[in-house]
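This report concerns only the one structure given below.
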Amino acid sequence: MTQPTPIGRGRARPRLLDLFSCAGGAGKGYEDAGFEVDGCDLVPRPNYPFPYHHGDALEYLAALITTGEIRRYAFVHASPPCQDKCSLTVGTNRSQGWGGTHEDLVAPTRTLLDATGLPYVIEQPNGRAEIRKDLSLCGEMFGLGVIRHRNFELGGWITEQPAHRPHRGRVRGYRHGRFYDGPYVAAYGNGGGKPTVSELQAAMGITWTDVREELTEAIPPAYTEFIGRAFLAANVGVAA
């Protein structure tokens with residue numbers, strides 16, 4: 001029986017669809033793992049480093065399924081908005097009566113992803129988003145300058161959870177009027193001792209955008225490089 005040719009040895013890379021792609025933190029990690037990446041985001045993302053569709057991610061995914069073009073892909077990553085269930089919204093903001101109505105697109109995203117028949121990942125921050133926490137990653141696992149816990153639901157495949165490493169200290173910045181120093185920077189918001197753009201870039205491992213909003217929303221590429229390599233190791237014969 002002919003054995004599949006390993007990625008990087010004379011065969012095309014498998015293609016990955018990166019939905020709700022923002023500026024490409026997730027996409028870059030998957031490229032580093034061995035994928036060709038196409039993105040889609042509702043907001044114009046001129047800094048996105050890969051081929052990119054500007055439009056509604058769920059409408060785009062539904063069209064790919066209907067036309068059969070989804071078969072170009074071997075894997076799908078999605079980071080749907082779920083501000084309604086994030087820790088900040090359900091905690092401080094809601095207790096203070098701040099904020100308004102937020103989107104929760106996790107369930108409709110999952111429905112469409114299941115309809116593709118493809119293996120997939122749904123990513124969410126810590127909070128009450130209704131996803132399975134099949135995999136939880138932290139910046140300390142990869143020696144990064146952010147903590148940035150993220151949870152991942154794995155559809156159609158599995159991998160082992162790596163051990164969580166104890167944090168080396170605090171996140172630098174002000175808390176309730178008091179400044180704390182520490183080995184991590186706060187990759188969210190402005191003020192309160194928040195890092196500079198260059199500090200954010202270094203802490204996250206992201207060099208291709210200098211837009212603060214894109215940096216604070218991004219997934220560190222190290223996370224998805226880990227996920228992508230785990231998927232490819234478990235699916236050696238995956239086709240492009």
Side-chain angles (χ1 to χ4, degrees), residues 7-8 13-41 45 47-53 57 61 72-82 105-106 109-110 113 116 118-126 129 131-165 187-188 200-209 214-236 238 240:
I7 297 298
R13 291 177 165 214
R15 187 166 291 277
L16 178 138
L17 180 60
D18 178 18
L19 297 172
F20 309 97
S21 57
C22 194
K28 183 62 171 67
Y30 286 118
E31 186 204 37
D32 291 342
F35 288 90
E36 295 286 347
V37 177
D38 295 333
C40 178
D41 200 279
R45 299 292 184 185
N47 294 319
Y48 190 75
F50 309 111
Y52 161 79
H53 175 82
L61 179 56
R72 291 182 299 177
Y73 297 99
F75 193 57
V76 185
H77 174 100
S79 296
C82 190
L105 298 183
V106 171
T109 298
R110 181 188 297 110
L113 289 174
T116 69
L118 296 174
Y120 63 79
V121 166
I122 300 175
E123 175 270 333
Q124 288 290 291
N126 272 351
I131 67 166
R132 294 191 316 272
K133 297 179 181 179
D134 297 322
L135 189 64
S136 296
L137 299 178
C138 166
E140 183 58 30
M141 296 176 177
F142 305 99
L144 301 179
V146 290
I147 293 177
R148 208 157 188 78
H149 293 112
R150 288 295 183 269
N151 302 307
F152 302 86
E153 178 175 318
L154 310 182
W157 71 291
I158 58 172
T159 192
E160 291 187 8
Q161 168 67 48
H164 186 269
R165 296 183 180 181
Y188 56 87
L200 272 174
Q201 290 174 317
M204 298 277 287
I206 294 175
T207 59
W208 60 90
T209 179
E214 293 183 340
L215 289 164
T216 57
E217 288 188 5
I219 303 171
Y223 292 15
T224 47
E225 181 179 358
F226 172 85
I227 293 170
R229 290 187 183 280
F231 174 78
L232 292 174
N235 297 271
V236 177
V238 66

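A side chain to side chain donor-acceptor pair (under 3.5 Å) with Tyr30 is found for exactly one of His77, Arg229, Glu225, namely His77.
Using cut-offs of 30° and 60° for the angle between ring planes, the Trp157 and Phe75 rings count as perpendicular.
Nearest heavy-atom pair, Ser21 versus Asp41, reported as atom, atom and distance to 0.1 Å: N-OD2, 3.2 Å.
With hydrogens and angles ignored, the 3.5 Å screen pairs no side-chain donor or acceptor of Glu153 with any backbone N or O of Tyr120. Using a distance-only test at 3.5 Å, with no hydrogens or angles considered, no donor-acceptor pair links the side chain of Arg150 to the main chain of Pro220. A distance-only check finds a donor-acceptor pair linking the side chain of Asp134 to the backbone of Leu154 [under 3.5 Å]. With Tyr223 contributing its side chain and Gly139 its backbone, the two residues share a donor-acceptor pair below 3.5 Å.
Phe152 meets the ring-ring contact (aromatic ring centres under 6.0 Å, His included) test with no other residue; sequence neighbours excluded. For the ring-ring contact (aromatic ring centres under 6.0 Å, His included) test, residues two or more places apart in sequence or in another chain that qualify with Tyr52 are Tyr48.
A salt bridge is defined here as a Lys NZ or Arg NE, NH1 or NH2 lying under 4.0 Å from an Asp or Glu carboxylate O, and Arg165 with Glu140 fails to meet this definition. With respect to Arg13 and Glu31, no salt bridge is recorded, no charged nitrogen being found less than 4.0 Å from a carboxylate O.
Between Pro162 and Leu135, some side-chain heavy-atom pair lies under the 4.5 Å cut-off. Side chains of Ile206 and Pro221 form a contact here, defined as non-hydrogen atoms less than 4.5 Å apart. Counting heavy atoms from C-beta on, the side chains of Ile122 and Arg110 come closer than 4.5 Å. Between Ser136 and Asn126 there is no side-chain heavy-atom pair separated by less than 4.5 Å.
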